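Everything numeric here is computed off the predicted structure, so don't read it as measured data. The chain is numbered in sequence order, starting from 1.
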Amino acid sequence: MDTSAGAWTGRFRARRAARGSVTEGAARAGLAARGVIYLLVGALALQIAFGDTNAQADRGGALAELSQKPFGAVLLWALGIGLVGMALWRLSEALFGSVGRDGRSARKRLLAAVRCAFYVFVAYSVLSFAASRNRSGGGSSDQQSRDATARALEMPAGQWLVGAAGIAVIGVGGWIGVRAVLRKYHDELRLGQMSHRARQLVDVTGVAGGAARGLVFVVAGVFAVRAAVAFEPDRAKGLDDTLRTFADTPLGPWLLACVAAGLVLFGVFSFAMARWRRV
């Protein structure tokens, strides 16, 4: 009886700590760090749209750009620590559930675990860059994507694995875009604390930014599927090459400019989420 009560008390304290001020601060720092990355990637993509072919519009390019600013090393460490906060927040959601009616459902916890793993990887890459002062940003996302695809294709049933991964990315992109257009993020916001103008800002940046982000995911997934079907890893594209593809359409660089502007807006939306999201 005492053992059971002690275990229940321990779980209660752990859950309360997971939803405490430290976790809330980590979540908001992580959302702000995500916003910085999307702002920089979007800005670099805009440079490409207007003729700067040397820009690298991906996380590596964003980190290299940030490292060249005054106090760049400090900013890189702050960005990496913020992303660690994001990973810890998602871990707490996976263990104890998130806010909302179905926040403790198995589906939400699994999604939180996947997000945690993703942000662990991103935080590690940013902190490694900050520690090594690697001016290349850890290599281009395009080369990393081709290398990963090549290794996967060499595995048994590699074509099926790469194809399934591409379809999954397409599905994630569609899910992101549809949720943004339907304004599902309203369920996660403290709307009662927001002014009318703040709601308008969030809706403009959330819908346009989320749609652009979802479109990028979908196109990247299509290239992964094409690489699997053709058994050619060079057909896979990272973020930089995916964005450059928009400039090769009949709309030319203007489509890329629109998508890049959307990514900038998603960065602004991330800052709004850092301010008003329910954690």
Side-chain angles (χ1 to χ4, degrees), residues 33-69 72 76 79-80 83 118-119 121-126 128-130 132 134-152 162 165-166 168-170 172-173 176-177 209-228 230 232-249 251-267 270:
R34 185 184 71 177
V36 170
I37 291 177
Y38 272 95
L39 277 176
L40 291 172
V41 171
L44 290 168
L46 281 172
Q47 292 181 30
I48 294 173
F50 292 110
D52 185 358
T53 57
N54 293 321
Q56 183 180 320
D58 55 14
R59 186 172 61 250
L63 296 180
E65 184 75 13
L66 193 61
S67 69
Q68 297 171 11
K69 303 299 181 185
L76 286 171
L79 187 65
L83 291 168
F118 172 75
Y119 281 108
F121 169 76
V122 176
Y124 173 78
S125 67
V126 173
S128 296
F129 178 87
S132 65
N134 183 352
R135 297 301 177 185
S136 69
S140 76
S141 61
D142 306 314
Q143 188 59 51
Q144 291 173 356
S145 179
R146 287 190 289 268
D147 290 345
T149 303
R151 288 193 296 269
V162 174
V169 172
I170 293 172
V172 169
I176 290 173
R213 184 183 180 219
L215 178 61
V216 172
F217 270 76
V218 168
V219 174
V222 168
F223 282 121
V225 172
R226 290 179 58 186
E232 294 180 8
D234 287 346
R235 293 200 177 193
K237 296 182 184 293
L239 179 56
D240 181 64
D241 269 355
T242 298
L243 289 170
R244 290 176 187 272
T245 302
F246 291 110
D248 297 331
T249 64
L251 294 177
W254 291 108
L255 179 57
L256 173 57
C258 289
V259 174
L263 296 181
V264 171
L265 290 176
F266 187 79
S270 294

[X] side, atom [atom1]; [Y] side, atom [atom2] - distance, nearest 0.5 Å:
| X | Y | atom1 | atom2 | result |
| --- | --- | --- | --- | --- |
| R146 | K237 | CZ | NZ | 7.5 Å |
| F266 | I37 | CZ | CD1 | 11.0 Å |
| R244 | Q56 | CZ | CD | 8.5 Å |
| L40 | E65 | CG | CD | 7.0 Å |
| S125 | L83 | OG | CG | 8.0 Å |
| L46 | L256 | CG | CG | 7.5 Å |

Contact summary for [X] and [Y], nearest pair of heavy atoms:
| X | Y | answer |
| --- | --- | --- |
| V216 | V259 | CG2-CG1, 3.7 Å |
| A45 | A260 | CB-CB, 3.4 Å |
| A236 | A227 | N-CB, 3.7 Å |
| F121 | R59 | CE2-NH2, 3.5 Å |
| G166 | A224 | CA-CB, 3.7 Å |
| V41 | D58 | CG2-O, 3.6 Å |

Just jot down the side chain to side chain contact (heavy atoms under 4.5 Å, CB included) partners of V162, sequence neighbours excluded, or say none.
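T149, A152, L153, A228.
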Residue set satisfying side chain to side chain donor-acceptor pair (under 3.5 Å) with D234, at least two apart, ordered chain then number -> none
Do L243 and L44 touch side chain to side chain, with heavy atoms closer than 4.5 Å?
no
Is the closest side-chain heavy-atom distance between T242 and F217 below 4.5 Å?
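Sidechains of F217 and T242: no contact.
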So, the side chain of T245 versus the backbone of D241: is there a donor-acceptor pair under 3.5 Å, distance only?
yes
Would you call D147 and R151 a salt bridge, taking side-chain N to carboxylate O under 4.0 Å as the test?
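Here D147 does not pair with R151 in a salt bridge, since their nearest N and O are not under 4.0 Å apart.
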